[in-house]
Number of protein chains: 2
Amino acid sequence: MPQMTLRDIAYALGLSVSTVSKALRDSYEISKDTKERVIAYARTNHYLPNRMAKSLKEGKSGSIGVVVCSIDNSFVSRMLDGIDGVCAQAGYDIVIMQSKESLVQEKSCLKQLEARGVEGILISPSAETIGFEHLLALRETGMPIVLFDRISERFESDQVGIDNYHAAFQATEHLLANRYRRIAMLNIGLDIPFARLRSAGYLDALKKKHLTYGKQLIRPCWPDTGETLKDRVRASIQSLFELAEPPDALFTATDQLSTLSLSVLHEMGHRIPEDIALIGFSNTELADVLTPPLSTIYQPALEIGRLAAEKLIGLISGRGLSEEYETVILPAQLHIRDSSRPGVKVQVNG
Amino acid sequence: MPQMTLRDIAYALGLSVSTVSKALRDSYEISKDTKERVIAYARTNHYLPNRMAKSLKEGKSGSIGVVVCSIDNSFVSRMLDGIDGVCAQAGYDIVIMQSKESLVQEKSCLKQLEARGVEGILISPSAETIGFEHLLALRETGMPIVLFDRISERFESDQVGIDNYHAAFQATEHLLANRYRRIAMLNIGLDIPFARLRSAGYLDALKKKHLTYGKQLIRPCWPDTGETLKDRVRASIQSLFELAEPPDALFTATDQLSTLSLSVLHEMGHRIPEDIALIGFSNTELADVLTPPLSTIYQPALEIGRLAAEKLIGLISGRGLSEEYETVILPAQLHIRDSSRPGVKVQVNG
DNA sequence: CTGTTAGCGCTTTCAA
DNA sequence: TTGAAAGCGCTAACAG
């Protein structure tokens with residue numbers, strides 16, 4: 001039998017559908033005896049309530065939508081793990097969709113999730129997402145929304161993320177403390193809120209040291225069509241080395257840029273940190289066993305996911321009625337390793 | 001307005017619900033004029049059909065369940081990416097659940113997915129899954145199922161995976177060709193079908209060279225409660241080095257074991273491959289920039305995901321009516337790098 | 001304590 | 001060409 005229904009049970013036991021329904025939900029209205037008979041029958045016959053029907057009836061689907069740029073990213077998947085843990089615990093299941101860094105795609109994901117009847121949405125906006133009108137509109141319909149990872153001051157909302165500005169500032173200061181003076185930065189599109197903050201932290205750290213090259217050494221890495229991100233990274237690094245005064249250190253603003261840069265620098269035969277130091281945002285567990293061990297800015301991915309999910313479930317449950325939105329900022333951790341240790345060249349000038 | 005329904009449109013336009021429904025589905029029964037009015041109204045008012053209702057009515061949910069051991073695993077997440085690509089294309093969305101390598105958990109996931117009304121299931125069974133009765137029972141109810149990644153000859157079913165036996169055989173032969181003779185193996189539980197095949201490939205390669213230590217150098221790594229997998233790897237490697245004749249090479253049977261072994265060997269101060277060579281199943285893009293570059297057996301994760309999803313969608317669509325189950329075996333690729341290059345010790349004996 | 005009834009939003013005969 | 005009505009499986013108000 002494909003799917004047993006309440007009706008089947010009712011028929012088999014000579015009861016009505018509603019009695020069976022109530023018995024299964026342990027209603028006080030039903031006699032102990034009947035309950036037992038119903039439950040026994042349901043068990044032995046592997047009755048499974050149809051959630052589609054229940055969802056339709058109750059107007060809630062028991063699922064939560066999650067939109068990320070790409071599931072195929074260790075940082076993202078760790079956040080998803082955190083999200084899933086909390087949601088599973090609370091009895092929600094999650095529907096994950098990928099924006100692949102496209103705003104159009106992101107909107108389409110949101111539409112689908114809405115249509116599917118998710119009770120709330122967790123989103124890490126795409127790189128193309130500058131404005132938040134679509135999210136505002138969605139929230140207007142009563143959909144609870146929590147931004148995670150890629151948070152933004154331009155969108156009044158509940159958010160969970162890290163202090164991008166400060167993390168970038170610290171990383172840059174660390175390079176400066178190790179006497180690097182021509183620090184280049186690889187970033188993704190500069191319009192993206194979190195990327196902008198990382199640039200700002202970098203720039204302010206330079207400014208504090210009265211270094212005046214400003215944005216000249218920033219390279220936004222956004223692949224053109226038909227080009228991989230790695231191609232773009234290669235081209236960017238190439239262009240930096242062709243400068244009259246090439247950089248002596250590189251600060252990479254995302255997970256992917258960090259490891260790609262490491263690969264590309266290897267390919268090009270540059271020694272790290274002798275020729276160029278490297279530090280970047282990264283969450284790989286492999287940082288210690290890379291060549292050289294990679295200095296990283298580590299973000300607490302699991303924790304971000306957990307907190308975001310908890311916040312969302314709170315909103316769904318009607319708690320967090322306080323009209324005020326809350327932004328949770330977790331600290332990022334600087335993990336200093338060999339790729340940014342004080343370089344040899346420094347001694348020459350010292 | 002929270003959710004506009006057909007009724008709202010019908011009321012606004014002075015039509016009946018069924019007319020609106022048909023108009024929206026471009027039925028031949030409806031006049032061009034009416035269709036246009038309805039569609040225009042629906043567009044401007046952002047009508048979204050309620051998929052829960054549609055699902056209930058049609059008895060199909062438009063979603064596919066995916067069960068994996070853990071989403072937080074780069075190999076898994078790449079397969080998921082492949083799956084999602086195909087499913088999204090075909091208009092299905094995916095509900096991902098994690099078994100966390102527990103059979104109980106796996107069963108619970110399957111129950112939930114079934115209740116949720118998924119139209120098919122893609123599963124990479126947990127490490128504890130020795131028998132397949134629960135999957136058989138589920139399939140009896142008419143649920144299409146495709147096994148991916150962790151395939152098994154013990155379960156007659158559609159499957160997509162790699163040739164584990166052959167891959168392990170090749171990797172071991174490679175070590176032998178580079179003159180390593182005491183080759184140890186780290187594996188997960190030996191009952192797991194794919195792990196068993198990997199062991200078998202390893203053992204047969206040894207046998208072919210008339211190496212007689214057989215299973216003595218195999219270490220199953222399954223964390224006890226309160227212990228991390230890394231702890232277990234550390235203990236296993238420790239025990240290998242404490243042997244009268246310690247190994248000169250190590251073959252690791254899973255992604256996690258490979259990178260953990262690399263870390264642990266680093267920690268313990270062993271040089272690779274001078275003290276011990278290393279090759280393992282791994283899908284990290286970082287293999288080239290590890291210390292040393294890690295020889296790996298690479299599995300085409302994205303492709304596995306894609307093919308499995310395509311197969312499943314085929315089954316759902318009623319194609320693949322052929323009573324015969326199909327097992328697709330993709331080749332794994334041996335990527336030889338420094339961690340398994342011919343060692344120094346060899347010269348001494350040579 | 002149990003059953004009848006109405007409907008959640010949609011699709012789909014069958015009539016008009 | 002349009003509409004009325006039934007029903008997917010479940011819940012809940014209301015009767016009995």
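As the structure is a computational prediction, the values presented were derived from the model and not from experiment. Here is how names work: the chains are called A, B, and so on, in the same order as the sequence lines, proteins then strands, and each is numbered from 1.
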(request) Classify the nucleic acid contact of S18(A) as base, sugar-phosphate or nothing, counting any heavy atom under 4.0 Å across all strands shown. (result) base
(request) Calculate, to the nearest 0.5 Å, the distance between atoms CG and CD belonging to L307(B) and E326(B) respectively. (result) 9.5 Å
(request) Please report, rounded to the nearest Å, how far the P atom of dA12(D) is from the NZ atom of K57(A). (result) 7 Å
(request) Mind calculating the distance between NZ (K32(A)) and P (dC1(C)) to the nearest angstrom? (result) 12 Å
(request) May I ask you to evaluate whether S16(B) reaches the phosphate of dA4(D), defined as a side-chain N or O under 4.0 Å from OP1 or OP2? (result) no
(request) Would you please confirm or rule out a distance under 4.0 Å between OP1 or OP2 of dT2(C) and any side-chain N or O of S31(A)? (result) yes
(message) The test is side-chain contact (heavy atoms from CB on, under 4.5 Å); show your working for L6(B) and Y47(B) and say whether it passes.
(response) CA-CA 9 Å; L6(B) 288 186; Y47(B) 166 74; 3.4 Å; yes
(request) Check whether any side-chain nitrogen or oxygen of Y47(B) sits under 4.0 Å from OP1 or OP2 of dG9(C), and answer yes or no. (result) no
(message) Counting only heavy atoms and a strict 4.0 angstrom limit, can you tell me which residues of residues 37-44 of chain A come near DNA chain D?
(response) none
(request) Rounded to the nearest angstrom, tell me the gap between atom CE in M4(A) and atom C1' in dC10(D). (result) 15 Å
(request) Rounded to the nearest angstrom, tell me the gap between atom NZ in K22(A) and atom P in dT4(C). (result) 11 Å
(request) Look at the side-chain N and O atoms of S21(B) and state whether any lies under 4.0 Å from the OP1 or OP2 oxygen of dG9(C). (result) no
